[in-house]
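For the numbers below, each heavy atom of this structure counts, side chains included, while hydrogens, waters and symmetry mates do not. None of the values given here were measured: they were computed from a predicted structure. In the text below, chain A, chain B and the rest are named by the order of the sequence lines, each starting its count at 1.
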Protein chains: 2
Amino acid sequence: MANDDIKQLWKVPEPTLRRLPWYLAFVKLMKTKGETFISSTQIAKEISVGPSQVAKDLSFVQITGKTRVGYEIDTLVNVLEEFLGFTVQHKAFLFGVGSLGAALLHDKGLDQYGLEIVAGFDIKPDVVGTTIRNIPVYHLSELPAWQKELGATIGILTVPVERAQEVTDWLIESGIKAVWNFTPFRIRIPKNIVVQNISMYAHLAVMFNRLNSSQK
Amino acid sequence: MANDDIKQLWKVPEPTLRRLPWYLAFVKLMKTKGETFISSTQIAKEISVGPSQVAKDLSFVQITGKTRVGYEIDTLVNVLEEFLGFTVQHKAFLFGVGSLGAALLHDKGLDQYGLEIVAGFDIKPDVVGTTIRNIPVYHLSELPAWQKELGATIGILTVPVERAQEVTDWLIESGIKAVWNFTPFRIRIPKNIVVQNISMYAHLAVMFNRLNSSQK
């Protein structure tokens, strides 16, 4: 990949990357309904984002719409899926096969979005050595060996809060480049590592607070 | 509850509600380490949030720190958990017992944060009538009857994208007041309904994009 392309990729703002999957979901839905063309105005209306924002977001993707009819839906779906990396499998390790970790191993839906969990890691004797949906669970001490063998780039963090930082440090040392943090703990990571925090507990806090305020 | 209290609760900004669970996780960690007092400066340093922001966020919670030593950890944990609603069970229904939905039913961790999933709903004959972790799965058509019986306030949405809006409309009609949306579809909801979008696919898009740009 040429240097210009690298710059191009980095230039995609995070908010754009977060909105593109919404557009994709909606456009795929229109496809199942038998539609063949869609305009950015239609997408905007449905998603509650301004039409100019939609057009700007889609300008990062290599696709050109036709005047009046808009984008060809088949092409837009393919181009978006490829652009978002959903068509290529990215290898991931999952750390902490507790209740949530095991649940994520059970979910086969992530495969369809380019995330392939190839192994789980834990230290508890009752889970180490087991498999969930054919995904093996190894002892955390075997991480360096399995990383050499499997070369995962993403680490899914579902360990207890008190182990979150320690395990993060260790998975980064083993060569993992991105951490998907499902714990409510704010992990510290070096600048070159990508981190995304799934804030399930933050969502609960917001919902409970708003529910309580409206009900009482 | 008096009118003033209602206003007080509504006044808590969403960013504050989203940060408080981070503080709670960190303070609980300090508690397990045997610490008894903690200052907002210590929390700020650990969480990478400004100290004045931490103090401001904590000012919404009914707790007063002592000069120099800060907050008593035991009290702070209790007060935060109560404030965030994690000590009271909120009844939830889960809609769509597919791969992700079933995984969420398997996860018993949410109970500890005040979310009690009391039933799942689906339309597929192979899941309707089954139970997961003692949680029964009913046919979607039985929603009104079970809602009358169980009175859930939260709906967890894990249906396929093409059913997302339809099921949302229906669960709101049945009296659900908050929707936790795990689909990549942007559902439309009335203003008085609370919605939180878990953007798993947005996170994947961001991680994949940043990984690709740094590796090539």
Side-chain angles (χ1 to χ4, degrees), chain A residues 1 6 9-10 12 14 17-18 20-22 24-26 28-29 32 46-48 84-86 90 98-100 102-104 106-109 113-115 153-154 161-162 177-178 180 183-186 188 192 194 196 198-214 216, chain B residues 1 6 9-10 12 14 17-18 20-22 24-26 28-29 32 46-48 84-86 90 98-100 102-104 106-109 113-115 153-154 161-162 177-178 180 183-186 188 192 194 196 198-214 216:
Chain A
M1 192 178 268
I6 297 176
L9 273 171
W10 267 106
V12 186
E14 193 162 320
L17 285 170
R18 292 179 165 276
L20 289 175
W22 302 343
L24 174 62
F26 173 63
K28 277 166 89 173
L29 176 62
T32 65
E46 203 60 33
I47 310 286
S48 310
L84 292 171
F86 293 167
H90 298 77
S99 185
L100 177 62
L104 287 173
H106 275 292
D107 176 19
K108 60 179 185 292
Y113 286 86
L115 190 84
T153 50
I154 294 170
V161 161
E162 60 271 25
K177 301 293 180 203
W180 201 10
T183 80
F185 192 76
R186 291 289 281 183
R188 288 180 305 277
N192 61 326
V194 185
Q196 291 285 295
I198 278 263
S199 310
M200 298 180 75
Y201 313 98
H203 287 187
L204 292 178
V206 173
M207 286 193 295
F208 296 164
N209 180 274
R210 298 320 190 206
L211 281 174
N212 285 339
S213 0
S214 62
K216 278 166 191 165
Chain B
M1 189 179 269
I6 296 176
L9 274 171
W10 267 107
V12 186
E14 193 163 320
L17 286 170
R18 294 180 164 275
L20 290 174
W22 303 342
L24 173 61
F26 173 63
K28 277 167 89 173
L29 176 62
T32 65
E46 203 59 33
I47 310 284
S48 310
L84 292 172
F86 294 166
H90 299 75
S99 184
L100 176 61
L104 287 172
H106 275 293
D107 177 19
K108 61 179 183 290
Y113 286 85
L115 189 84
T153 51
I154 295 171
V161 161
E162 59 271 24
K177 300 293 180 204
W180 201 10
T183 80
F185 191 75
R186 292 289 281 183
R188 288 179 306 277
N192 61 325
V194 186
Q196 291 284 295
I198 277 262
S199 310
M200 298 180 75
Y201 312 97
H203 288 186
L204 292 178
V206 173
M207 287 194 293
F208 296 163
N209 180 273
R210 298 320 190 208
L211 282 173
N212 286 338
S213 3
S214 61
K216 280 168 190 169

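Annotation for T183(B) and Y201(B): closest pair C-CE1, 4.4 Å, computed over non-hydrogen atoms. Nearest heavy-atom pair, F86(B) versus F208(A), reported as atom, atom and distance to 0.1 Å: CD2-CE1, 3.9 Å. In plain terms, the two heavy atoms of P21(A) and A202(B) that are nearest each other are CG-CA, 3.9 Å. Closest heavy-atom contact between L17(B) and V206(A): CB-CG2, 3.9 Å.
In terms of heavy-atom pairs under 4.5 angstrom with chain B, the leader among L20(A), L24(A), L204(A) is L204(A). Of the listed residues (E162(B), E46(B), H106(B)), the greatest number of heavy-atom pairs within a distance under 4.5 Å of chain A belongs to E46(B). In terms of heavy-atom pairs under 4.5 angstrom with chain A, the leader among W180(B), F185(B), F26(B) is W180(B). In terms of heavy-atom pairs under 4.5 angstrom with chain A, the leader among G85(B), G98(B), P184(B), S199(B) is P184(B). Your options are A102(B), A25(B), S48(B), G109(B), and the one with the most heavy-atom pairs under 4.5 Å with chain A is A25(B). Ranking I154(A), T32(A), L104(A) against chain B, the residue ahead of the rest is I154(A), based on heavy-atom pairs under 4.5 Å.
Contacts of E14(B) classified as salt bridge (Lys or Arg N to Asp or Glu O under 4.0 Å), with partners at least two apart in sequence or in another chain: R18(B).
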Take K28(B) and V161(A) through the side-chain contact (heavy atoms from CB on, under 4.5 Å) test and state the conclusion after the steps. CA-CA 9 Å; K28(B) 277 167 89 173; V161(A) 161; over 6 Å; no

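Heavy atoms of I47(A) lying under 4.5 Å from chain B belong to its backbone as well as its side chain. Using a 4.5 Å cut-off between heavy atoms, L115(B) contacts chain A through both its backbone and its side chain.
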